[in-house]
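Being a predicted model, the structure only gives us computed values, none of them experimental.
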Amino acid sequence: MAGEIPDLVASERTGTGKGAARQARRDGLVPGIVFGGEHDPLPINIPFNVLLKRLKQGRFKSTLFNLQVEGHDDVRVICRDVQRDVVKDLPTHVDFMRLRRTTRVNLFIPVEFINEEAAPGIRKGGVLTVVRNEVELEVTAGDIPEKITVDLTGMNIGDIVHIEDVTLPEGTKPTIDRNFVIANISAPSGLKAAGDDEDEAEEGGEE
(Lines give C-alpha, C1' and ligand atoms only; values in the text may rest on other atoms or scores of the structure.)
Protein backbone atom coordinates (compact mmCIF):
# COMPACT_ATOMS: atom_id res chain seq x y z
CA MET A 1 0.00 0.00 0.00
CA ALA A 2 2.87 2.36 0.66
CA GLY A 3 3.42 4.99 -1.99
CA GLU A 4 6.75 5.65 -3.59
CA ILE A 5 9.04 7.61 -1.28
CA PRO A 6 11.12 10.21 -3.16
CA ASP A 7 14.90 9.97 -2.97
CA LEU A 8 16.94 12.88 -1.69
CA VAL A 9 20.65 12.64 -2.47
CA ALA A 10 23.18 14.39 -0.25
CA SER A 11 26.87 14.21 0.53
CA GLU A 12 28.58 13.97 3.90
CA ARG A 13 29.96 17.33 4.99
CA THR A 14 33.54 17.22 6.19
CA GLY A 15 34.38 19.65 8.92
CA THR A 16 31.97 21.38 11.26
CA GLY A 17 31.24 24.88 12.35
CA LYS A 18 30.45 28.08 10.52
CA GLY A 19 33.53 27.91 8.32
CA ALA A 20 32.55 24.58 6.76
CA ALA A 21 28.97 25.76 6.33
CA ARG A 22 30.07 28.96 4.58
CA GLN A 23 32.32 26.97 2.25
CA ALA A 24 29.43 24.66 1.39
CA ARG A 25 27.27 27.65 0.42
CA ARG A 26 30.06 29.07 -1.74
CA ASP A 27 30.15 25.69 -3.53
CA GLY A 28 26.44 25.84 -4.32
CA LEU A 29 25.43 23.54 -1.48
CA VAL A 30 23.12 23.90 1.50
CA PRO A 31 24.51 22.50 4.76
CA GLY A 32 22.28 20.36 6.91
CA ILE A 33 22.19 17.86 9.72
CA VAL A 34 20.54 14.46 10.15
CA PHE A 35 19.74 13.53 13.73
CA GLY A 36 17.71 11.06 15.76
CA GLY A 37 17.51 7.30 15.83
CA GLU A 38 20.33 5.17 17.13
CA HIS A 39 23.11 6.93 15.22
CA ASP A 40 25.17 10.06 15.80
CA PRO A 41 24.17 13.28 14.04
CA LEU A 42 25.41 13.33 10.45
CA PRO A 43 26.40 16.65 8.83
CA ILE A 44 25.42 16.75 5.16
CA ASN A 45 25.35 19.00 2.12
CA ILE A 46 22.48 19.14 -0.38
CA PRO A 47 22.80 20.78 -3.82
CA PHE A 48 21.14 24.20 -3.57
CA ASN A 49 19.13 23.82 -6.80
CA VAL A 50 17.80 20.40 -5.75
CA LEU A 51 16.65 21.68 -2.36
CA LEU A 52 15.11 24.84 -3.80
CA LYS A 53 13.13 22.79 -6.35
CA ARG A 54 11.81 20.54 -3.59
CA LEU A 55 10.83 23.54 -1.48
CA LYS A 56 8.94 25.12 -4.38
CA GLN A 57 6.96 21.90 -4.86
CA GLY A 58 5.43 22.48 -1.42
CA ARG A 59 4.76 20.25 1.59
CA PHE A 60 8.49 19.86 2.16
CA LYS A 61 8.14 19.51 5.93
CA SER A 62 5.41 16.90 5.59
CA THR A 63 7.10 14.74 2.93
CA LEU A 64 8.94 11.57 3.85
CA PHE A 65 12.25 11.21 1.99
CA ASN A 66 14.64 8.35 1.38
CA LEU A 67 17.94 10.06 2.15
CA GLN A 68 20.93 8.70 0.24
CA VAL A 69 24.42 9.61 1.44
CA GLU A 70 27.44 7.83 -0.02
CA GLY A 71 29.08 5.59 2.55
CA HIS A 72 25.92 5.34 4.66
CA ASP A 73 22.81 3.21 4.57
CA ASP A 74 19.72 4.81 3.07
CA VAL A 75 17.44 6.18 5.77
CA ARG A 76 13.96 7.58 5.89
CA VAL A 77 13.89 11.16 7.09
CA ILE A 78 11.47 14.03 7.49
CA CYS A 79 12.41 17.70 7.57
CA ARG A 80 12.16 19.39 10.94
CA ASP A 81 13.44 22.87 10.06
CA VAL A 82 14.61 25.00 7.14
CA GLN A 83 16.58 28.11 7.98
CA ARG A 84 16.42 30.90 5.40
CA ASP A 85 18.30 34.07 4.58
CA VAL A 86 16.32 36.92 6.13
CA VAL A 87 16.77 39.13 3.05
CA LYS A 88 16.67 36.72 0.10
CA ASP A 89 14.41 34.09 1.76
CA LEU A 90 16.63 31.34 0.35
CA PRO A 91 17.53 28.18 2.30
CA THR A 92 20.76 28.36 4.30
CA HIS A 93 20.47 25.24 6.49
CA VAL A 94 18.17 22.24 6.80
CA ASP A 95 17.52 19.78 9.63
CA PHE A 96 16.30 16.22 9.06
CA MET A 97 15.13 13.64 11.59
CA ARG A 98 15.68 9.91 11.05
CA LEU A 99 12.57 7.77 11.25
CA ARG A 100 12.10 4.13 12.14
CA ARG A 101 9.55 2.13 10.17
CA THR A 102 7.29 2.16 13.23
CA THR A 103 7.48 5.93 13.73
CA ARG A 104 4.15 7.76 13.47
CA VAL A 105 4.30 10.92 11.33
CA ASN A 106 1.84 13.41 9.83
CA LEU A 107 1.84 13.43 6.01
CA PHE A 108 -0.44 14.82 3.31
CA ILE A 109 -1.98 11.97 1.31
CA PRO A 110 -3.63 12.65 -2.09
CA VAL A 111 -7.35 11.99 -2.59
CA GLU A 112 -8.60 10.05 -5.63
CA PHE A 113 -12.24 10.30 -6.75
CA ILE A 114 -13.69 7.29 -8.57
CA ASN A 115 -16.98 6.27 -10.24
CA GLU A 116 -18.07 9.74 -11.34
CA GLU A 117 -20.11 8.04 -14.06
CA ALA A 118 -22.12 6.28 -11.33
CA ALA A 119 -23.06 9.54 -9.59
CA PRO A 120 -26.62 10.63 -10.61
CA GLY A 121 -25.84 14.20 -9.61
CA ILE A 122 -22.96 14.44 -12.07
CA ARG A 123 -24.99 12.77 -14.83
CA LYS A 124 -27.63 15.47 -14.33
CA GLY A 125 -25.00 18.16 -14.90
CA GLY A 126 -23.87 18.65 -11.34
CA VAL A 127 -20.28 19.68 -10.67
CA LEU A 128 -17.85 17.87 -8.40
CA THR A 129 -16.36 20.55 -6.17
CA VAL A 130 -13.18 19.32 -4.48
CA VAL A 131 -12.52 21.07 -1.18
CA ARG A 132 -9.44 18.99 -0.32
CA ASN A 133 -7.40 17.16 -2.96
CA GLU A 134 -5.14 15.87 -0.20
CA VAL A 135 -5.71 15.11 3.45
CA GLU A 136 -3.20 15.22 6.29
CA LEU A 137 -3.12 11.85 8.03
CA GLU A 138 -1.15 10.36 10.88
CA VAL A 139 0.57 7.33 9.35
CA THR A 140 3.28 4.80 10.10
CA ALA A 141 6.56 5.55 8.32
CA GLY A 142 6.90 1.96 7.15
CA ASP A 143 3.39 1.76 5.67
CA ILE A 144 2.46 5.01 3.96
CA PRO A 145 -0.70 4.85 1.82
CA GLU A 146 -0.32 6.00 -1.76
CA LYS A 147 -3.77 7.66 -1.71
CA ILE A 148 -7.20 7.64 -0.15
CA THR A 149 -10.17 6.83 -2.37
CA VAL A 150 -13.57 8.52 -2.46
CA ASP A 151 -16.31 6.53 -4.22
CA LEU A 152 -18.90 8.85 -5.80
CA THR A 153 -21.38 6.08 -6.62
CA GLY A 154 -24.96 7.15 -5.93
CA MET A 155 -24.17 10.75 -5.06
CA ASN A 156 -26.72 13.39 -6.05
CA ILE A 157 -26.65 17.17 -6.38
CA GLY A 158 -26.25 18.65 -2.92
CA ASP A 159 -24.55 15.59 -1.44
CA ILE A 160 -21.41 16.20 0.61
CA VAL A 161 -18.47 13.89 1.33
CA HIS A 162 -17.05 14.26 4.84
CA ILE A 163 -13.90 12.58 6.12
CA GLU A 164 -16.02 10.19 8.21
CA ASP A 165 -17.69 8.99 4.99
CA VAL A 166 -14.35 7.73 3.66
CA THR A 167 -12.78 4.38 4.45
CA LEU A 168 -9.23 5.28 5.43
CA PRO A 169 -6.29 2.89 4.99
CA GLU A 170 -5.69 0.70 8.01
CA GLY A 171 -3.47 2.28 10.65
CA THR A 172 -4.13 5.87 9.61
CA LYS A 173 -6.20 8.64 11.11
CA PRO A 174 -6.84 12.31 10.30
CA THR A 175 -4.80 14.92 12.12
CA ILE A 176 -7.87 17.19 12.33
CA ASP A 177 -10.30 16.16 15.06
CA ARG A 178 -13.55 17.11 13.29
CA ASN A 179 -15.69 15.78 10.47
CA PHE A 180 -14.39 18.12 7.75
CA VAL A 181 -15.62 18.31 4.14
CA ILE A 182 -13.61 16.73 1.32
CA ALA A 183 -15.93 17.40 -1.64
CA ASN A 184 -19.51 17.99 -2.71
CA ILE A 185 -21.65 17.84 -5.82
CA SER A 186 -23.07 21.28 -6.55
CA ALA A 187 -25.76 22.29 -9.02
CA PRO A 188 -24.64 23.70 -12.38
CA SER A 189 -24.58 27.50 -12.47
CA GLY A 190 -27.60 27.71 -14.80
CA LEU A 191 -29.70 25.57 -12.49
CA LYS A 192 -28.62 27.65 -9.49
CA ALA A 193 -29.67 30.87 -11.22
CA ALA A 194 -33.07 29.40 -12.12
CA GLY A 195 -33.57 28.26 -8.55
CA ASP A 196 -32.71 31.71 -7.22
CA ASP A 197 -35.25 33.31 -9.59
CA GLU A 198 -37.96 30.91 -8.41
CA ASP A 199 -37.18 31.69 -4.77
CA GLU A 200 -37.45 35.41 -5.44
CA ALA A 201 -40.76 34.91 -7.28
CA GLU A 202 -42.17 32.91 -4.36
CA GLU A 203 -41.07 35.54 -1.89
CA GLY A 204 -42.68 38.23 -4.05
CA GLY A 205 -45.97 36.30 -4.18
CA GLU A 206 -46.17 36.03 -0.40
CA GLU A 207 -46.32 39.76 0.11
Side-chain angles (χ1 to χ4, degrees), residues 1-13 21 24-25 28-84 89-114 130-150 161 163-164 166-178 180-183:
M1 178 179 292
E4 182 179 351
I5 300 173
D7 291 331
L8 188 62
V9 180
S11 57
E12 184 172 1
R13 174 160 42 96
R25 296 186 189 103
L29 303 168
V30 178
I33 192 78
V34 184
F35 63 90
E38 300 174 352
H39 301 281
D40 293 334
L42 175 67
I44 60 171
N45 287 325
I46 299 177
F48 175 84
N49 291 336
V50 172
L51 180 59
L52 190 61
K53 181 179 178 181
R54 288 287 188 185
L55 289 170
K56 288 182 176 179
Q57 289 175 351
R59 307 294 192 199
F60 187 77
K61 289 186 178 181
S62 56
T63 298
L64 189 66
F65 291 103
N66 178 52
L67 183 67
Q68 299 177 330
V69 180
E70 186 175 354
H72 297 267
D73 293 335
D74 291 4
V75 62
R76 295 185 177 194
V77 299
I78 194 166
C79 177
R80 278 295 172 249
D81 188 44
V82 178
Q83 298 173 26
R84 296 175 179 268
D89 196 35
L90 297 175
T92 59
H93 193 277
V94 61
D95 296 341
F96 291 101
M97 183 175 72
R98 298 184 185 96
L99 298 178
R100 295 174 177 167
R101 294 185 64 84
T102 56
T103 303
R104 301 284 289 178
V105 292
N106 296 343
L107 297 177
F108 283 90
I109 307 299
V111 180
E112 179 186 51
F113 297 90
I114 63 172
V130 178
V131 178
R132 295 174 184 264
N133 56 17
E134 56 184 6
V135 174
E136 188 178 28
L137 300 178
E138 181 184 311
V139 303
T140 303
D143 191 20
I144 300 170
E146 182 178 356
K147 61 192 175 185
I148 64 175
T149 302
V150 174
V161 180
I163 187 62
E164 291 181 3
V166 180
T167 300
L168 296 176
E170 186 176 354
T172 70
K173 67 177 183 178
T175 59
I176 300 175
D177 190 22
R178 60 181 171 80
F180 55 85
V181 174
I182 293 179

Check ion pair Glu134-Arg59 (N to O, under 4.0 angstrom): yes
field: Partners passing salt bridge (charged side-chain N to carboxylate O under 4.0 Å, His left out) against Glu138 (at least two apart in sequence or in another chain)
entry: Arg104
message: Is the ring pair Phe96/Phe65 parallel, tilted or perpendicular, if the boundaries are 30 and 60 degrees?
response: perpendicular
query: Residues in side chain to side chain donor-acceptor pair (under 3.5 Å) with Asp7, at least two apart?
result: Asn66
Nearest non-hydrogen partners of Ile33 and Ile44, listed with the distance: N-CG1, 4.1 Å
- prompt: How would you list, by chain and number, every residue that makes a side chain to side chain donor-acceptor pair (under 3.5 Å) with His39, sequence neighbours excluded?
  reply: none
field: Over 12 non-hydrogen atoms of neighbours within 6.0 angstrom of NZ in Lys173
entry: no
message: Let me confirm one number: the CD1-CG distance from Ile78 to Leu67, rounded to the nearest 0.5 Å.
response: 13.0 Å
- request: Please name all residues satisfying side chain to side chain donor-acceptor pair (under 3.5 Å) with Glu136, sequence neighbours left out, ordered by chain then number.
  value: Thr175
query: Can you list the residues that meet the salt bridge (charged side-chain N to carboxylate O under 4.0 Å, His left out) rule with Arg100, with sequence neighbours excluded?
result: Glu38
message: Is it true that, when you exclude Gln57 itself, more than 12 heavy atoms of the residues, nucleotides or ligands shown sit nearer than 6.0 Å to its CD?
response: yes
query: Out of curiosity, Leu55 CG to Phe60 CZ, how far, rounded to the nearest 0.5 Å?
result: 5.0 Å
Partner residues of Arg132 under the side chain to side chain donor-acceptor pair (under 3.5 Å) criterion, sequence neighbours left out: none
message: Nearest 0.5 angstrom please: Arg101 CZ to Ile144 CD1, how far?
response: 9.0 Å
